[in-house]
Amino acid sequence: MKHFLRVVTQFFVFLYCKCLWRGLKFVARKLTGRCELQRICYNNKHGARRTLKIESSLRCSKNALLQSALSVHPDKVEKTIEDIMALKKINPDTNPQLGISLQASLLQIVGYRKLVGEVEKLRREQYDCENQEHEDMLMKLWKELRPDSPLTGRISKQWCEIGFQGSDPKTDFRGMGLLGLSNLLYFAEHDKTTALQMLHDSLQPKHK
């Protein structure tokens, strides 16, 4: 019974907040003569804070055009902004800065959403010992971290020397997939001094 009452209470709180928020937005538009996107762009400086607010506004909108703007192709951002301004009945000639601000923020949103998608795709790709590209990356990692110690074999306890748990390093990539290997290799290639120092420190008794 308590659980039921709690669920009912949460539902009414959610409903109240949602209606209240929409009511406040309506009042704000009537008082300022500006839609939410205009208020965000004019009241916030260029940067992450403004971009996050624009993203939240578009995501929470009931309008399909505004929601789809978050996943539009970069080449169609300009056209999408024109459609948004037409939908909101905003004159671009009297509000030139709005289009510029929306374009900058929308390009950022589309860009990092694409990046997140690519990273997640790489994470989901499992290490495949039959894939020569994967094997080459793994061998390169060994050479970067142990340039003076030839690897005796693909399956070897030597892998433990650079932090792997067992003789076959592919089992260590089950959680992060190829993203884990890519990050390790990038670190070893682009900041070798720090990578080698961290490896050296990790092998010391006080760090084990």
Side-chain angles (χ1 to χ4, degrees), residues 40-41 44-59 68-78 80-81 100-208:
I40 291 173
C41 288
N44 294 272
K45 294 181 180 180
H46 172 71
R49 182 180 178 85
R50 185 174 72 185
T51 297
L52 287 171
K53 287 187 175 184
I54 289 175
E55 181 181 23
S56 177
S57 176
L58 295 174
R59 185 177 60 250
S68 65
L70 295 173
S71 56
V72 72
H73 191 277
D75 294 340
K76 296 183 179 180
V77 166
E78 190 172 345
T80 299
I81 291 172
I100 296 173
S101 299
L102 282 176
Q103 183 175 18
S105 293
L106 202 53
L107 284 172
Q108 286 181 331
I109 293 169
V110 171
Y112 73 65
R113 284 190 164 218
K114 180 182 178 183
L115 176 61
V116 169
E118 291 175 351
V119 169
E120 179 60 18
K121 181 181 178 181
L122 194 60
R123 187 191 70 81
R124 290 177 179 274
E125 184 177 353
Q126 293 299 306
Y127 184 91
D128 182 6
C129 57
E130 299 296 326
N131 187 316
Q132 191 56 50
E133 184 179 351
H134 295 185
E135 288 286 285
D136 289 343
M137 290 173 66
L138 187 61
M139 294 301 110
K140 192 169 185 179
L141 177 64
W142 174 266
K143 291 177 181 177
E144 291 289 342
L145 297 178
R146 279 287 186 264
D148 301 323
S149 302
L151 192 63
T152 57
R154 167 63 177 76
I155 308 296
S156 170
K157 284 293 185 182
Q158 285 178 281
W159 290 109
C160 296
E161 297 177 15
I162 60 173
F164 287 100
Q165 297 178 13
S167 57
D168 189 353
K170 76 173 185 179
T171 60
D172 285 28
F173 299 120
R174 285 173 295 188
M176 291 298 291
L178 206 61
L179 178 62
L181 176 56
S182 298
N183 285 339
L184 286 172
L185 183 56
Y186 183 90
F187 183 33
E189 286 183 320
H190 293 83
D191 196 356
K192 181 178 287 190
T193 301
T194 303
L196 291 174
Q197 184 62 53
M198 287 181 66
L199 178 60
H200 176 268
D201 291 343
S202 70
L203 296 175
Q204 301 306 308
K206 65 178 181 180
H207 294 293
K208 289 186 177 180

Taking side chain as C-beta onward, heavy atoms only, is [X] less than 4.5 Å from [Y]?
X    : Y    : result
C41  : K53  : no
I54  : L106 : no
K170 : L138 : no
C129 : R154 : yes

Checklist outcome for this item: In this structure, CG of L145 is separated from CG of D148 (nearest 0.5 Å) by 12.0 Å

Between the main-chain N or O of [Y] and the side-chain N or O of [X], is there a donor-acceptor pair closer than 3.5 Å?
X    : Y    : result
S202 : L199 : yes
N44  : R49  : no
H134 : D128 : yes

Item to check | Whether F173 and F164 hold their rings parallel, tilted or perpendicular, with breakpoints at 30° and 60° | outcome: perpendicular

Next on the checklist: Walk me through whether K121 and E118 qualify under salt bridge (Lys or Arg N to Asp or Glu O under 4.0 Å).
Outcome noted: CA-CA 5 Å; K121 181 181 178 181; E118 291 175 351; over 6 Å; no

Checklist outcome for this item: Sorted by chain and residue number, the side-chain contact (heavy atoms from CB on, under 4.5 Å) partners of K192 (sequence neighbours excluded) come out as E144, L196

Item to check | Nearest atoms (heavy-atom pairs only) where Q158 meets P150 | outcome: NE2-O, 3.2 Å

Checklist entry - Taking only residues two or more places apart in sequence, or in another chain, which ones meet W142 in a ring-ring contact (aromatic ring centres under 6.0 Å, His included)? => result W159

Could you list the donor-acceptor pairs under 3.5 angstrom formed between side-chain atoms of residues 174-185 and any protein atom two or more places apart in sequence or on another chain?
from : atom 1 : to   : atom 2 : distance (Å)
R174 : NE     : T171 : O      : 2.7
R174 : NH2    : T171 : O      : 3.4
S182 : OG     : L178 : O      : 2.9
N183 : ND2    : L179 : O      : 3.4

